[in-house]
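Along the sequence shown, the residues carry numbers beginning at 1.
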Amino acid sequence: MRKKTYLKLAEYQAELSLSHLQEVQGIYDKMRGYKHDFHHHLQTLKGQLEAGETQRALSYIEQLDVQLIHVDTLLKTGNLSLDALLSAKLSQAKANSIVFNVRANVPEKLLLSDLELSIIVGNMLDNAIEACQNVSGERFIRIYMTMKGNMLYFSMLNSAGAKQEKAGSLFFSSKRGNHGFGLRRAEEILTDHGGWCKYNSEDGAFTCEFLVPALEK
């Protein structure tokens with residue numbers, strides 16, 4: 001690999017890691033805020049009940065129930081790093097009116113590092129969110145992750161526009177600059193670990209999947 005290209009990849013990887021870290025930090029800041037508010041709500045309810053204002057307390061609980069419907073909860077896959085990344089992307093998807101569905105069961109300890117997992121899954125999700133943003137109709141992202149023996153399997157289906165033209169193993173994107181480096185880096189990581197990934201574009205939908213050794217035999 002030419003030095004200039006390598007440096008560009010390294011720069012992109014650093015930017016991506018910072019972006020994902022900021023997204024994750026935002027999720028945990030929000031969770032801390034909910035915890036602080038919860039304590040305040042309990043104190044308020046305690047005061048109302050001690051004062052004998054039962055009806056007022058019941059009304060307060062009903063208001064809380066309505067608010068809790070809109071509270072984002074952390075996704076739980078079994079892998080903390082993946083939980084944080086997917087939860088951050090969940091918030092981003094909701095902000096763009098994208099229905100985000102995840103079915104995942106992943107061990108906490110993997111052969112892939114947290115950074116590698118973030119680069120692979122983060123890039124695929126960024127592409128899916130971008131594709132959904134360009135759709136005027138239904139917007140959705142559906143993810144399935146599980147272990148097949150010692151192999152980690154990932155599958156994602158998302159809404160998209162017209163069928164995309166393929167360039168090598170990837171597809172052309174509306175973005176320019178470092179956008180293509182992300183998926184190339186993801187492919188490099190999967191290949192280095194003895195895995196593979198593939199993509200398919202059809203009118204209205206885009207799919208991607210990968211399979212990679214993730215546990216010691």
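- With sequence neighbours left out, Glu138 forms a side chain to side chain donor-acceptor pair (under 3.5 Å) with no residue at all.
- Across Glu116 and Leu111, no two heavy atoms sit closer than the pair OE1-O, 4.3 Å.
- Ile143 is listed as a side-chain neighbour of Leu86, based on a closest heavy-atom distance under 4.5 Å.
- Note: the hydrophobic cluster containing Tyr144 does not contain Tyr199 (ILVMFWY, side chain heavy atoms under 4.5 Å, direct or indirect links).
- When atom types are taken as modelled, the side chain of Glu202 and the backbone of Lys163 share no donor-acceptor pair closer than 3.5 angstrom.
- Checking side-chain atoms of Asn79 against main-chain N and O of Pro107 turns up a donor-acceptor pair under 3.5 Å.
- In the hydrophobic cluster analysis, where Ile, Leu, Val, Met, Phe, Trp and Tyr join through side-chain heavy atoms closer than 4.5 angstrom, Phe206 is grouped apart from Trp196.
- With values rounded to the nearest 0.5 angstrom, Asn200 atom CG is found 10.5 Å from Cys208 atom SG.
- For the pair Leu125/Phe100, a side-chain contact is recorded, criterion being any heavy-atom separation below 4.5 Å from C-beta on.
- How far OG1 of Thr44 is from CG of Leu49: 11.0 Å, rounded to the nearest 0.5 Å.
- Although no hydrogens or angles enter the test, the distance criterion places a donor-acceptor pair under 3.5 Å between the side chain of Arg139 and the main chain of Cys132.
- Looking only at side-chain heavy atoms (C-beta outward), His41 and Tyr60 come within less than 4.5 Å of each other.
- The line from CD1 of Ile98 to NZ of Lys89 is 11.0 Å long, rounded to the nearest 0.5 Å.
- No continuous path of hydrophobic side-chain contacts links Leu112 to Leu211 [ILVMFWY only; heavy atoms under 4.5 Å].
- Within the 3.5 Å criterion, the main-chain N or O of Asp83 finds a donor-acceptor partner in the side chain of Ser87.
- For the 3.5 Å distance criterion, the side chains of Tyr153 and Glu209 qualify, holding a donor opposite an acceptor.
- Through side-chain heavy atoms spaced under 4.5 Å, either directly or across other Ile, Leu, Val, Met, Phe, Trp or Tyr residues, Leu157 is tied to Val99, Phe140.
- Clustering of Ile, Leu, Val, Met, Phe, Trp and Tyr by side-chain heavy atoms under 4.5 Å joins Leu58 with none of the others.
- With hydrogens and angles left out, the side-chain atoms of Asn105 and Thr146 include no donor and acceptor closer than 3.5 Å.
- Partners of Phe210 according to the ring-ring contact (aromatic ring centres under 6.0 Å, His included) rule, which considers only residues two or more places apart in sequence or in another chain, are Phe154.
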Checklist entry - Given the rule in the side chain to side chain contact (heavy atoms under 4.5 Å, CB included) test, do Asn127 and Met124 qualify, once you have shown the distances and angles that lead to the verdict? => result CA-CA 5 Å; Asn127 287 350; Met124 292 180 177; 5.9 Å; no

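- Arg185 and Glu188 are joined by a salt bridge, as a carboxylate oxygen and a charged side-chain nitrogen come within less than 4.0 angstrom of each other.
- Looking at heavy atoms from C-beta onward, Met156 lies out of side-chain contact with Thr207 at the 4.5 angstrom threshold.
- Looking only at side-chain heavy atoms (C-beta outward), Met147 and Leu152 come within less than 4.5 Å of each other.
- Not one N or O on the side chain of Ser118 forms a donor-acceptor pair closer than 3.5 Å with the backbone of Asp114.
- Within 6.0 Å of atom CD in Gln55, 12 or fewer heavy atoms from other residues, nucleotides or ligands are found, so the atom counts as exposed in its surroundings.
- Annotation: the span from Leu117 atom CG to Met145 atom CE amounts to 6.0 Å, rounded to 0.5 Å.
- Looking at heavy atoms from C-beta onward, Thr191 lies out of side-chain contact with His193 at the 4.5 angstrom threshold.
- Expressed to the nearest 0.5 Å, how far CD1 of Ile141 lies from CG of Leu90 amounts to 9.5 Å.
- By the side chain to side chain contact (heavy atoms under 4.5 Å, CB included) test, Ser97 is found to be paired with no residue, residues two or more places apart in sequence or in another chain being considered.
- Atoms CD1 and SG, on Ile189 and Cys197 in that order, are 10.5 Å from each other to the nearest 0.5 Å.
- Every residue two or more places apart in sequence or in another chain that forms a side chain to side chain donor-acceptor pair (under 3.5 Å) with Asn96 is listed here: Gln133.
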